[in-house]
There are 2 protein chains.
Amino acid sequence: MLMKYPDVSQQTGTDAGLAAVLRMAVGRLARRLRAQRPDSSLSLGQGAVLFALARHGTMTPGALAEYEKVQPPSMTRIVSALEERGLVRRMKHPDDRRQQLVELTDEGALLVQSDQQRREAWLTQRLAELTREEKATLRTAAEILNRLSRS
Amino acid sequence: MLMKYPDVSQQTGTDAGLAAVLRMAVGRLARRLRAQRPDSSLSLGQGAVLFALARHGTMTPGALAEYEKVQPPSMTRIVSALEERGLVRRMKHPDDRRQQLVELTDEGALLVQSDQQRREAWLTQRLAELTREEKATLRTAAEILNRLSRS
DNA sequence: TATTGTTATACTCTATAACTATA
DNA sequence: TATAGTTATAGAGTATAACAATA
């Protein structure tokens, strides 16, 4: 193989090199996941919001936007799309009428539970081919990546 | 905290649960990285292509599309954008005139080298706050993620 | 006929700026 | 005045379908 430039694996010893490799890996997998997503299912952002609501209960649109690292208008669109599909419900905040509370409907909760396996089918299949150690690495890595995203 | 539904961390014991968590983590970090990218710099896809060319030398557009998991028309756009900026050069394939070979220009190679740290600055900063063990985990995880994307 | 790559077109997702309602 | 959320608009990135050139 022609190697005009130093092998990048040597660059992962530095934070900057690791950042480069990680950025590529994350970008490539995100594109791959998007391609695998069935038409009938949810977008990456919609799925993440349902997931967050399942974890945290009701949240305001603003809190969801901050949590998912998108701007408020983007969250408006995501929540509106979910509401049109009957998966979430917007309620008035009891104390502050500027705010809203977003909550899963029964249908939304069901989708989170029952659709999760189906939506992750491709990735689940790939994961099944990994060793226990590799899966443990990814489990730990996922937590670290979430921490990075939130900082 | 209101917990209407089981904590997802309990679900990571299964491949499907890990797939769900990993998909969220990757999607969120990809959005975050996109937001951090400076205007003057390259898109995620453009950067990945320059990176691949630096690693593998010349590649055909088709090979690049397959490697980066995008459709050929998308790769045409990416390569055209890079060529307009003088970062890559398209050459005729010596044996098959239907094909082309894409190669880094000197300017492109320089950008890969010198711009890498700058483009990953935000992520590098975040990585610096991690322990050695956590960084080692991410290094290993990046390799696994790349393998997943290619399978 | 099959393959490589491009052009044409449309869709999805996101952001910034301006606006409304409430505090 | 400041804050929460929405609407309007634009930009980036991707895909599918149709096409051109070559094998």
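Just so we're clear, the structure is a prediction, and the values are computed from it rather than from any experiment. Chain identifiers are assigned alphabetically (A, B, ...) following the order of the sequence lines, protein sequences preceding nucleic acid strands; residue numbering begins at 1 within each chain.
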> Quick test of your reading: applying ring pair (Phe, Tyr, Trp, His ring centres under 6.0 Å), list the pairs with at least one residue in residues 125-151 of chain A, sequence neighbours left out, ordered by first then second residue.
none
> Classify the side chain of A:R97 versus the base of C:dT22 as yes if they form a donor-acceptor pair under 3.5 Å and no if they do not.
no
> Provide the start and end nucleotides, 5' to 3', of the part of DNA chain D that has atoms under 4.0 Å from heavy atoms of chain B.
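Extent of the interface on DNA chain D: D:dG13 to D:dA23.
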> What integer distance in Å separates A:Q100:CD from C:dT20:P?
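Checked: the CD to P distance equals 18 Å.
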> Check the distance between C:dT4's P and B:R90's CZ and give it to me in whole angstrom.
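So the two atoms are 16 Å apart, to the nearest Å.
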> Applying side chain to side chain contact (heavy atoms under 4.5 Å, CB included) to A:Q100 and A:M91, what does each step give before you reach the verdict?
CA-CA 6 Å; A:Q100 297 188 335; A:M91 299 176 306; over 6 Å; no
> Between B:T58 and B:E103 (side chain of the first, backbone of the second, donor and acceptor by atom type, cut-off under 3.5 Å), is there such a pair?
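A pair under 3.5 Å: no.
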> Write down the atom of A:L101, the atom of A:P94, and the distance for their closest heavy-atom approach.
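Smallest heavy-atom distance, with atoms named: CD1-CD, 4.0 Å.
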> By nearest atom, which of the nucleotides C:dG5, C:dT22, C:dT4 is closest to the B:T76 side chain?
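Of the options given, the side chain of B:T76 lies nearest C:dG5.
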> Using whole Å, what does the distance between atom C1' of nucleotide C:dT3 and atom NE2 of B:H93 come to?
13 Å
> Report, one line per pair, each donor and acceptor closer than 3.5 Å where one atom sits in a side chain of residues 71-82 of chain B; sequence neighbours left out.
residue : atom : partner : partner atom : Å
B:T76   : OG1  : B:P72   : O            : 3.3
B:S80   : OG   : B:T76   : O            : 2.7
B:S80   : OG   : B:R90   : NH2          : 2.7

> Mind calculating the distance between CD (B:E84) and P (C:dT6) to the nearest angstrom?
13 Å
> Can you tabulate the close N/O pairs, meaning under 3.5 Å, that link protein atoms to atoms of nucleotides 12-15 of chain C?
residue : atom : partner : partner atom : Å
C:dC13  : OP1  : A:S43   : OG           : 3.4
C:dT14  : O4   : A:R77   : NH1          : 3.0
C:dA15  : OP2  : A:Q71   : N            : 3.0
C:dA15  : OP2  : A:S74   : OG           : 2.6

> What pairs of residues pass the salt bridge (charged side-chain N to carboxylate O under 4.0 Å, His left out) test when at least one of them lies in residues 135-150 of chain A, not counting sequence neighbours?
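Listed by first then second residue: A:K135-B:D15, A:R147-B:E134.
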> For B:S80, answer base if it contacts any base atom (sugar-phosphate contacts may also be present), sugar-phosphate if it contacts only those atoms, and nothing otherwise; contact means non-hydrogen atoms under 4.0 Å.
nothing
> Begin from the C-alpha positions of B:R89 and B:E83 and carry the test side chain to side chain contact (heavy atoms under 4.5 Å, CB included) through to its verdict.
CA-CA 6 Å; B:R89 178 173 29 240; B:E83 192 176 39; 5.7 Å; no
> Which residues satisfy the side-chain hydrogen bond (donor to acceptor under 3.5 Å, both in side chains) test with A:Q125, sequence neighbours excluded?
none
